[in-house]
Amino acid sequence: MDTSNITLDNITPPWLPAPIAAAMLRLDKLDTEISGNKWFKLKYNLEAARSDGKQHILTFGGAFSNHIAATAAACCQAGLRCTGIIRGERPAVLGHTLQTALDKGMELEFVSRETYRHHRTSFENRPDTHIIPEGGHNAAGARGCEEILSLFPTDHFTHILCATGTGTTLAGLINSATAAQTIIGIPVLKGAGYLEAAVKALLHPGQTCHWQLLHEFHGGGYAKVKPELIDFINTFFAETGIPTDIIYTGKLVHAFRQLIHQRYFPDNSKVLLIHTGGLQGNLSLPPGVLSL
Ligand SMILES: *Cc1c(COP(=O)(O)O)cnc(C)c1O
């Protein structure tokens, strides 16, 4: 994949105080279908499948999973067969994300929450199949994300913020950050206490940068969209021209806004926000709600 569309944009929304500088790494510009961090997480997973000679990718997700949509598109491009194991009953009408995956040729199998929980073992024995865990949460996924901070010179940033689901992207950022940087994950799920361990499981031994998860910015929980968030996304777009999504990056920037308000960042901080993409998720909303 050609990464030359990605840009590093300085942002100056009116609520940013002068002593603090902020920029956004626009992974959303990578591709409309395999957007943002999902491509980095898939890169070495697909390479592993290829080097093992596997022609079939199997992975897992829920109805709003950008990982499912991205995997379907990436496999379509790579000429690999793919199956998505989807949590819950098949809905009467597929939502936008699942329909997109289906259109890209992914086979969808809907399984009960119970089966899903024990998923890995029940699907492991399919022949010619390479399994990618839910959200690409494995060492290969984190390894791809270690390349994100070297797209541009980023060593001068003091803080790096990223929306967090499985913690794979965050782990890749931590593994590749300098010892002077603080990496902050903003979980979009409520009660994501498992995340600390999930991130640690993917860290290189001996990494020394500071990192933390700030758990109070999920805005009601995963894929919960309050009117306040919609207003914020629309206003941020009017202020900066940068579109964000309702599940991850809108909540990330909203968290940043609140942290600024709380005077969380010392003067002269240089903050890098990772725009992890996910804009396709906005198509789950009725038209006209967002003015992007
Ligand atoms: C999947 C996704 C994330 C979460 O990434 P993890 O590596 O699972 O933490 C963040 N932002 C967007 C836009 C995503 O689609």
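For this chain, numbers begin at 1 and follow the sequence in order. Everything numeric in this text was worked out from a predicted model, so none of it was measured. Note that ligands are numbered from 1 as they come in the structure, with each ligand's atoms numbered from 1 the same way.
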Enquirer: In terms of ring plane angle, is the pair H159 and F265 parallel, tilted or perpendicular, where the classes change at 30° and 60°?
Expert: perpendicular

Enquirer: Hey, are the side chains of K43 and W39 touching, using non-hydrogen atoms and a 4.5 Å cut-off?
Expert: yes

Enquirer: How close does the nearest protein non-hydrogen atom get to atom 8 (O) of ligand 1, and which residue and atom is it?
Expert: T166 OG1, 2.6 Å

Enquirer: G36: heavy atom below 4.0 Å from ligand 1, yes or no?
Expert: no

Enquirer: According to a 4.5 Å side-chain heavy-atom criterion applied to Ile, Leu, Val, Met, Phe, Trp and Tyr, with indirect links allowed, do L272 and I20 form part of one hydrophobic cluster?
Expert: no

Enquirer: Ligand 1 versus K38, non-hydrogen atoms closer than 4.0 Å: side chain, backbone, both, neither?
Expert: side chain

Enquirer: Between E109 and R126, is there a salt bridge with N-O shorter than 4.0 Å?
Expert: yes

Enquirer: Looking only at side-chain N and O atoms, does Y116 offer a donor or acceptor that is under 3.5 Å from a partner on E134?
Expert: yes

Enquirer: Among all protein heavy atoms, pick out the one at the shortest distance from atom 10 (C) of ligand 1; state its residue, atom name and that distance to 0.1 Å.
Expert: Y248 CD2, 3.3 Å

Enquirer: With heavy atoms of G278 as the reference, note each atom of ligand 1 found under 4.0 Å away.
Expert: 13 (C)

Enquirer: Do T59 and H67 pair up side chain to side chain, a donor and an acceptor below 3.5 Å, judged on atom types alone?
Expert: yes

Enquirer: Under 4.0 Å from a heavy atom of G167: which atoms of ligand 1 are those, numbered in the order shown and with their elements?
Expert: 6 (P), 8 (O), 9 (O)

Enquirer: Run the numbers for me: atoms of ligand 1, each under 4.0 Å from some heavy atom of A163, listed by number.
Expert: 10 (C)

Enquirer: Are D155 and T178 linked by a side-chain donor-acceptor pair shorter than 3.5 Å?
Expert: no

Enquirer: Answer yes or no: is there an ion pair linking R26 with D9, defined by an N-O contact shorter than 4.0 Å?
Expert: yes

Enquirer: Would you give the length of the straight line joining atom CD of Q262 to atom CZ of R257, rounded to the nearest 0.5 angstrom?
Expert: 10.5 Å

Enquirer: Got the closest protein heavy atom to atom 11 (N) of ligand 1, with its distance?
Expert: T276 OG1, 2.6 Å

Enquirer: Examine G277 against ligand 1 and note whether any of their N/O atoms are separated by less than 3.5 Å.
Expert: no

Enquirer: Does a side chain donor of either K29 or T7 reach within less than 3.5 Å of an acceptor in the other side chain?
Expert: yes

Enquirer: Judged by non-hydrogen atoms, does T164 sit under 4.0 Å from ligand 1?
Expert: yes

Enquirer: Hey, which atoms in ligand 1 end up nearer than 4.0 Å to a heavy atom of T169?
Expert: 5 (O), 6 (P), 7 (O)

Enquirer: Using a 4.0 Å cutoff against the non-hydrogen atoms of N66, which atoms of ligand 1 qualify?
Expert: 14 (C), 15 (O)

Enquirer: Kindly identify the option in L189, N37, I274 whose heavy atom sits closest to atom 3 (C) of ligand 1.
Expert: N37

Enquirer: Within a distance under 4.0 Å of any heavy atom of K41, pick out the atoms of ligand 1 and give their elements.
Expert: 5 (O), 6 (P), 7 (O), 8 (O)

Enquirer: Heavy atoms only, cut-off 4.0 Å: how does V188 contact ligand 1, side chain, backbone, both, or neither?
Expert: neither

